[in-house]
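First, the structure itself, so that you have it in front of you.
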Amino acid sequence: ESCIPGIETQDVQSIFEEHLVVASVDHFAPLEFESANQTPTFNYSIADREFNFGPVVASLDAVDGDMDDMHVAVANLKITNPTKVPCSVAYSLKARQTGDASSESPITLSPSEAYIPAHEHRYVTLTFNPKSIGTFLSTFEAVVDKGIDGVTRCFTCDVRGEGTLPHIVVEGTKLSSGGAPFTLPTVLFPRILPCRVAQKSIVMKNTGMIPAKFRFEMMQEDEEDTFHLSSAGLSEGKWIEMKPKQSVGFTVEFAPKEAKNFSRNIKFEVQ
């Protein structure tokens, strides 16, 4: 019996069995997260013939070889030999677009080739480890050695990933007063009489693509107990988790006990 070596190229549900297979993807639509700790689901778009890692936190200060769970996305693709003869398959990735044209593509694969016995399968692993912010796009190809059938000889698809960073902004502050710029964003209170109380609101908003968390801390000692920062159910020094587009409001209270100028710094740390 004469057989032609080949691999399964049409059953994308099998190839991407560990991932979500969808008809199409809108790259401009905001991602949905059930919780702030959730990461996007990798997906394969049938219409675009594209596998998408989604947004991954870029390791801007990492050196070559450094990898941790926050900055690395790993996906397995299942390559199946449905024929009666074994086959050798060569895997390749060709970068089409990178956020930084001078750097190497952060999308890599392993292994570069595989020997697949008849009616068996092997996995090829794609890794996305961005070291800069931007969109990265490569073309994945699995080619069968000595394959001559146009359907089973080769499987190809695009691979996309977004390098990003957590991004939280502070709303309700001023950057200048009377044309004079402030050194830092400032909550500016009007003049009030001693023993009176004034309140201002500030809002922390996650404007990024991914969940983020932050914590706040009142800096310096306030022996006169002049400023207070409060938010329902939130404690100073503890991490607060936020989904994309989510906001958290704070109330800043100013209660002077004497007539003079007061100031105090608030530290917000984002992760």
The single option from Gln199, His228, Lys200 that satisfies side-chain hydrogen bond (donor to acceptor under 3.5 Å, both in side chains) with Glu253 is Gln199
Interatomic distance, CD1@Ile46 vs SG@Cys157, rounded to 0.5 Å, equals 12.5 Å
Handout entry: In one Ile/Leu/Val/Met/Phe/Trp/Tyr side-chain cluster, 4.5 Å: Phe250, Phe189
Key = yes
Exercise for review: Determine, step by step, whether Phe51 and Phe140 satisfy the ring-ring contact (aromatic ring centres under 6.0 Å, His included) criterion, reporting the C-alpha distance in whole Å, the side-chain angles of both residues, the deciding distance to 0.1 Å, and the verdict.
Suggested key: CA-CA 9 Å; Phe51 179 75; Phe140 168 78; 9.5 Å; no
Q.
Quick check on the hydrophobic clustering: are Val12 and Leu126 connected, directly or via other members, by side-chain heavy-atom contacts under 4.5 Å?
A. yes
Between the OG atom in Ser112 and the CG atom in Leu93, the distance rounded to the nearest 0.5 Å is 11.0 Å
Original post:
Under the 3.5 angstrom rule, does the side chain of Arg49 hit a backbone N or O of Thr156 as a donor-acceptor pair?
Top reply: yes
dist Cys87:SG -> Glu120:CD (nearest 0.5 Å) comes out at 10.5 Å
- Carefully, step by step, assess Glu17 and Tyr123 under the rule side chain to side chain contact (heavy atoms under 4.5 Å, CB included). CA-CA 11 Å; Glu17 65 176 8; Tyr123 289 97; 2.5 Å; yes
### Query
Okay, side chain of Asn129, backbone of Val72: is any donor-acceptor separation there less than 3.5 Å?
no
Rounded to the nearest 0.5 Å, the CG atom of Leu20 sits from the OH atom of Tyr44 at a distance of 13.0 Å
Using the rule that two of Ile, Leu, Val, Met, Phe, Trp, Tyr join whenever any of their side-chain heavy atoms come within less than 4.5 Å, decide whether Phe227 and Val187 are in one cluster. yes
Output yes when a side-chain donor or acceptor of Ser247 lies under 3.5 Å from a complementary backbone atom of Lys205, and no otherwise. no
d(Ile4 CD1, Lys84 NZ) to nearest 0.5 Å is 13.0 Å
In this structure, CZ of Phe214 is separated from CD1 of Ile168 (nearest 0.5 Å) by 6.0 Å
Next on the checklist: With clusters defined by side-chain heavy atoms of hydrophobic residues (ILVMFWY) lying less than 4.5 Å apart, directly or transitively, does Tyr115 cluster with Ile79?
Outcome noted: no
